Amino acid sequence: MSRIIRTYDPDIGPLVRVTVTDPFSSRPEHELPRSEIVTLLLDTGATDTALRGNIIDRLRLSPLGFHSVHSFGPDPATSVQYSADLEIHLDGDALKEFADWKVFRFAPSYDKIDGVIGRDILQKARFSLDGPKCEFVLEF
Amino acid sequence: MVSENKLSALKLNYAAFIQRLPGLLSDHEGQYALMRDGGIVEYFGSPREALLAGRQRFSDDLFSVQEIRRSEADFGWFSRVADNPNL
């Protein structure tokens, strides 16, 4: 079983590094990047994985369609899903791949993260958090 | 960024999709609907299968892929900033 054991900043929460790739890119390597390493918050309160819009634009991820999203505003909100391949960086240079995945576009106001990993991925893992030690374990 | 034509197609298909969604859940929940001009063309088991089929069939790229699910998405801590009308 591959895993990651890491301490976290209690003011932010558990973060992981993830490589996001456009699975349909045919661009040469010397042009715009077809993959990018981002920092995502593990958030059990999120149903889905979501990325900051400027990353989606840089990678030119392919849009799938709109979907309704929960918001606190008076009007129903929507966001667009995109096709993407994800690789979560684990200890010892191991990677956990989520190919043929989808991510939502959003605009987190907090600049230390690029998005969230939601339960769509966390339900495939064992995730534990030791608050007093500020340590988390993510196992696949 | 998504082109204006593509964005219009996504909006048109989504408006039609949400009207049909309650009737789709019993037989197609968890699948992905390839949509064109507000109509469902075919159902697929993964988003990539649907996307590839859309690209093969519609060279103008004016189609969308709708995930058939009963729940809305929630971005947890960031739910308040989910709406992004500018794409």
Side-chain angles (χ1 to χ4, degrees), chain A residues 12-13 22-24 40-54 56-58 60-85 99-110 113-120 122, chain B residues 1-19 21 30-36 38 40-41 44-56 61-87:
Chain A
I12 301 174
D22 172 13
F24 297 105
L40 304 183
L41 175 72
L42 301 177
D43 188 349
T44 59
T47 57
D48 293 78
T49 296
L51 289 177
R52 192 183 289 280
N54 59 354
I56 287 170
D57 291 340
R58 276 200 298 271
R60 299 182 193 171
L61 297 181
S62 300
L64 295 169
F66 278 96
H67 198 84
S68 61
V69 297
H70 176 76
S71 78
F72 292 103
D75 301 319
T78 59
S79 180
V80 175
Q81 281 183 311
Y82 293 79
S83 172
D85 287 347
D100 197 1
W101 214 250
K102 72 269 183 194
V103 296
F104 276 98
R105 180 190 193 97
F106 81 145
S109 54
Y110 193 53
I113 69 163
D114 299 312
V116 295
I117 288 184
R119 298 196 299 274
D120 57 334
L122 292 176
Chain B
M1 297 292 286
V2 177
S3 71
E4 284 300 317
N5 285 344
K6 178 72 174 183
L7 184 58
S8 295
L10 294 178
K11 289 179 176 177
L12 172 71
N13 288 336
Y14 178 67
F17 175 76
I18 58 174
Q19 297 296 318
L21 179 59
Q31 295 182 319
Y32 295 82
L34 173 62
M35 297 191 69
R36 168 86 166 182
I40 294 175
V41 178
F44 293 88
S46 82
R48 187 160 307 166
E49 288 175 29
L51 201 51
L52 285 171
R55 288 184 171 190
Q56 288 169 354
D61 200 38
L62 299 182
F63 66 90
S64 60
V65 175
Q66 292 290 158
E67 183 181 11
I68 300 169
R69 56 190 267 184
R70 64 183 69 239
S71 63
E72 62 183 7
D74 190 317
F75 302 147
W77 195 45
F78 293 102
S79 291
R80 290 170 293 169
V81 294
D83 192 20
N84 184 0
N86 297 321
L87 271 181

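Everything numeric in this text was worked out from a predicted model, so none of it was measured. Here is how names work: the chains are called A, B, and so on, in the same order as the sequence lines, proteins then strands, and each is numbered from 1.
- Residue I113(A) touches chain B through its side chain alone, counting heavy-atom pairs closer than 4.5 Å.
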Using the rule given for side-chain contact (heavy atoms from CB on, under 4.5 Å), can you reason through L7(B) versus F66(A), listing the C-alpha separation, both sets of side-chain angles and the distance that settles it, and then say yes or no? CA-CA 10 Å; L7(B) 184 58; F66(A) 278 96; 3.8 Å; yes

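- Looking at I56(A), there are no atoms closer than 4.5 Å to chain B (heavy atoms on both sides), in backbone or side chain.
- Proximity to chain A is limited to the side chain of Y32(B), based on heavy atoms less than 4.5 angstrom apart.
- Minimum interatomic distance between S64(B) and G65(A) (heavy atoms only, all atoms of both residues): CB-CA, 4.4 Å.
- Shown here for A73(B) and H67(A), the closest heavy-atom pair between the two residues is N-CD2, 4.0 Å.
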I would like to know whether V80(A) and Y14(B) meet side-chain contact (heavy atoms from CB on, under 4.5 Å); could you show each step before the answer? CA-CA 10 Å; V80(A) 175; Y14(B) 178 67; over 6 Å; no

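- Scanning for side-chain hydrogen bond (donor to acceptor under 3.5 Å, both in side chains) contacts around S83(A) gives an empty result, with sequence neighbours left out.
- Pairing each heavy atom of L64(A) with each of L10(B), the nearest pair is O-CD2, 3.6 Å.
- The closest side-chain heavy-atom distance from I18(B) to S68(A) is not below 4.5 Å.
- With a 4.5 Å cut-off on non-hydrogen atoms, D43(A) touches chain B through its side chain but not through its backbone.
- Atom CD of E72(B) sits about 8.5 Å away from atom OG1 of T47(A), to the nearest 0.5 Å.
- Here the side chains of Q81(A) and P47(B) are not in contact, with every heavy-atom distance at 4.5 Å or above.
- The two residues K6(B) and P63(A) come nearest to each other via the heavy atoms CE-CG, 3.9 Å.
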Set out, in order, the CA-CA distance, both residues' side-chain angles and the distance that settles side-chain contact (heavy atoms from CB on, under 4.5 Å) for R48(B) and D85(A), then state yes or no. CA-CA 10 Å; R48(B) 187 160 307 166; D85(A) 287 347; 2.4 Å; yes

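- A search for side chain to side chain contact (heavy atoms under 4.5 Å, CB included) contacts involving A9(B) returns L62(B), not counting sequence neighbours.
- Between F106(A) and F75(B), the ring planes lie perpendicular to each other; the angle is over 60°, past the 30° to 60° tilted range.
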Under the salt bridge (Lys or Arg N to Asp or Glu O under 4.0 Å) criterion, do R69(B) and D120(A) qualify, and how do the steps go? CA-CA 13 Å; R69(B) 56 190 267 184; D120(A) 57 334; over 6 Å; no

Please walk me through it: do D74(B) and V69(A) pass side-chain contact (heavy atoms from CB on, under 4.5 Å)? CA-CA 6 Å; D74(B) 190 317; V69(A) 297; over 6 Å; no

